[in-house]
Amino acid sequence: MNIVVLGATSGIAQAIATKLAQEGHHLILAGRRMDELEAMSNDLRIRNQVDVYPAHFDALAMDTHEAFVSSCLERFSTLDGVVLAYGYMGDQKESETDMDIVKRTIDTNYTSCVSILNRFASYFEQQKSGFICALSSVAGDRGRQSNYTYGSSKGALSLYLQGLRNRLSSAGVTVLTVKPGFVDTKMTYGQEGMFLVAKPEKVANDIYKAIRSRKSVLYTPFFWRWIMMIIRLIPESIFKKMKL
Amino acid sequence: MIKPVKTKLAGWGNYPVEEGFLFRPDNGRDVLEILQSGLQNNYIAFGMGRSYGDTPLNKQSGVLLTTQLNRILSFDETTGVLECEAGVTFEDIINVFLPRGYFLPVTPGTKYVTLGGAIANDVHGKNHHLDGCVSSFILDFKLMLASGEIIDCSREHNADIFWATVGGIGLTGIIVSARIRLEKVESAYYDVLYEKAPNIERALELFAESDDKYKFSVAWIDCLARGNSLGKSVLMRGNYASAASLRSGTEPLKLKNGPKLAIPFDFPSFALNNLSIKSFNTLYYGVNKNVRKTVYFDSFFYPLDSIYKWNRMYGKKGFVQYQAVFPPEGKEGLIQMLERLSSSNRSSFLAVLKTSGEQNPGLLSFPKKGYTLALDIPIKDESLFTFLHELDELVIRYGGRVYLAKDSELLPEHFAEMYPRLKEFRAIKDRIDPNHIFSSSMARRLGIVEE
């Protein structure tokens with residue numbers, strides 16, 4: 001399969017790209033840091049003897065998204081899937097007074113995703129095959145005072161993906177919403193308050209399996225489904241008084 | 001932005017255990033950010049943690065985990081030249097390139113080492129007598145200096161820094177990437193002759209007679225044997241097996257995934273005692289016959305890797321590895337060392353004897369022409385260190401030296417005598433790292449860098 005990975009330099013995306021290349025898929029690794037993407041591409045190409053290309057992609061430059069999708073189609077004449085793995089987590093306290101951080105969070109985690117995935121969705125719909133896999137977050141399942149700006153943007157993304165799944169189902173295109181818990185990447189290393197931290201390889205394996213089995217929503221590691229279920233079930237009258 | 005984790009660290013010998021601040025960079029940019037952050041006074045690189053003592057430790061200061069800096073950058077199928085980041089492991093290199101007909105030109109007794117660590121310790125293997133250390137096959141590398149500048153080092157370019165970094169235990173800078181020439185092989189197998197030697201004299205004779213015929217050569221030695229049997233050993237000498245020589249049906253370059261046994265906990269300290277070691281040694285000598293066998297690379301080079309975390313056999317107190325090299329004219333020193341070991345009853349589970357070839361220009365590189373003996377000694381109490389200091393004196397008396405990758409006990413004055421080019425090393429370090437941004441517990445213990 002020919003697969004585009006958006007935001008390929010993030011810790012989880014690197015693990016997903018590694019898994020995809022090991023399974024023999026050809027990749028376009030897209031992001032802003034070309035030197036990193038080139039190094040990653042060479043590594044995966046040499047190790048796995050598959051085609052891997054770096055490509056420049058800026059989520060917030062939404063007027064370039066159309067051209068980006070075309071360039072992917074020039075590179076591989078057909079595409080089989082897209083993995084959206086980028087995101088932005090601004091500081092919650094700062095975002096309560098700084099609207100720039102809020103806008104950047106919403107635009108990165110929601111608006112730009114709609115912009116780019118709408119285009120891929122139309123392509124896959126027409127082709128009548130393909131998959132879309134996007135990394136949302138457990139933070140999008142319920143708003144909490146500690147990071148609701150980020151959480152609400154991810155929550156919006158989850159709802160968008162739900163609608164997209166509904167639309168594309170008849171065309172045989174699958175849409176997978178991934179909700180990872182804490183993953184052992186640069187974002188979490190050395191941070192306090194982390195628990196049940198999963199290895200990126202484990203999360204990547206789960207995601208790969210979910211894509212193959214055409215799953216709709218994946219919590220990874222699996223127990224986050226139960227943790228989030230409990231958190232969602234707490235009545236609002238009690239929840240609003242909790243320090244979460 | 002980049003944060004460390006405060007954690008206890010140890011080398012493979014589990015001695016010493018020291019607390020440090022572990023950083024985990026994802027790329028060169030992160031390394032630069034850490035070095036310039038001022039978060040710690042100094043830093044040392046830590047790879048797979050397979051050196052035994054305090055080489056990669058930095059008590060209450062910065063440690064840079066390099067295992068995420070592990071990308072393969074380029075490979076030339078025609079010349080076998082591989083360029084990769086320094087955190088790529090030997091295991092990785094074998095898994096990717098052995099099926100394509102390339103193997104490491106030099107490997108230590110474990111494949112769980114990074115390329116950067118291999119260069120920083122200038123590791124050697126069973127073919128040192130013919131091929132030298134790993135540095136013989138390193139074409140060049142990129143080194144990040146304390147200033148953040150990345151420089152190219154080779155035999156032609158910045159040659160002085162090249163030879164200070166090779167074997168320089170991480171004190172010149174962070175090795176970012178390196179180019180190494182892999183060796184073309186037809187198969188993953190080796191033709192090995194197993195041969196018993198009743199004593200040290202005979203073992204050395206056999207080595208001398210056949211060193212040019214066998215690319216790989218090593219002897220397992222019974223350190224408890226005394227008198228006429230002193231140095232009783234089993235020699236293992238071999239060459240690459242050609243594809244044509246393999247049994248039909250064997251795919252010459254196919255990797256086999258053997259089961260891996262892991263030691264789940266530290267053994268109690270009484271598990272390894274003189275009696276158990278003596279029994280093992282007797283048994284081992286007994287079952288080995290003089291025989292020629294075709295052996296898969298994994299069991300030939302890495303017999304202990306199949307037992308994951310085998311260092312736990314030595315219990316919580318850990319163990320020291322002691323490896324010394326004696327020049328040919330210092331043979332008597334080697335014999336005296338064996339005598340002292342057997343009479344002191346400081347049991348060593350595993351002792352390995354090898355011949356080594358000419359010394360290279362690496363300022364702190366260990367091997368030189370002669371014989372090297374490596375042993376594991378479990379730590380029972382502090383008296384061991386007095387004993388080892390006596391061995392160090394013996395080694396110096398006979399013109400030898402101790403291997404830093406395995407050391408955790410050398411005194412600074414002994415170290416300076418063993419490594420006469422230390423002054424040159426210090427001069428280069430002072431020039432490229434005037435503020436001593438790179439330091440380690442070992443560097444301070446040995447007086448390479450002041451406290």
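Below, all heavy atoms of this structure are taken into account, side chains as well, without hydrogens, waters or symmetry copies. Since the structure is predicted, the reported quantities are computational estimates derived from the model, not experimental observations. Naming: A, B, ... by sequence-line order, numbering from 1 per chain.
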Heavy-atom distance under 4.5 Å between the side chains of A/Y189 and B/L22, does that happen here?
yes
Return the option, out of B/K6, B/Q68, B/R29, with the maximum number of heavy-atom pairs under 4.5 Å with chain A.
B/R29
Using non-hydrogen atoms only, which part of B/V5 is less than 4.5 Å away from chain A: side chain, backbone, both, or neither?
both
Which atoms of B/F97 approach chain A - backbone, side chain, both or neither, heavy atom under 4.5 Å
side chain
Quick check on A/K186: does its NZ atom have over 12 non-hydrogen neighbours (other residues, nucleotides or ligands) under 6.0 Å away?
yes
B/R71/A/E38 ion pair, N-O < 4.0 Å
no
Got a second to check how far B/E83's CD is from A/N42's CG, nearest 0.5 Å?
9.0 Å
Considering all heavy atoms, the nearest A/I46-B/S74 contact
CD1-CA, 3.4 Å
Selection from B/I2, B/N27, B/I72 maximising heavy-atom pairs under 4.5 Å formed with chain A:
B/I72
Heavy-atom count around A/R32 CZ within 6.0 Å, excluding the residue itself: above 12?
no
Can you name the nearest heavy-atom pair linking A/N48 to B/R100, along with the distance?
N-NH2, 4.4 Å
Taking NZ in B/K184 as the centre, count heavy atoms belonging to other residues, nucleotides or ligands within less than 6.0 Å. Is the count above 12?
yes
Which one of B/D92, B/N70, B/V88 has the most heavy-atom pairs closer than 4.5 Å to chain A?
B/D92
Please flag which part of A/T185 lies under 4.5 Å from any non-hydrogen atom of chain B: side chain, backbone, both or neither.
backbone
Can you say whether B/D30 sits under 4.5 Å from chain A via the side chain, the backbone, both, or neither, judging by heavy atoms?
side chain
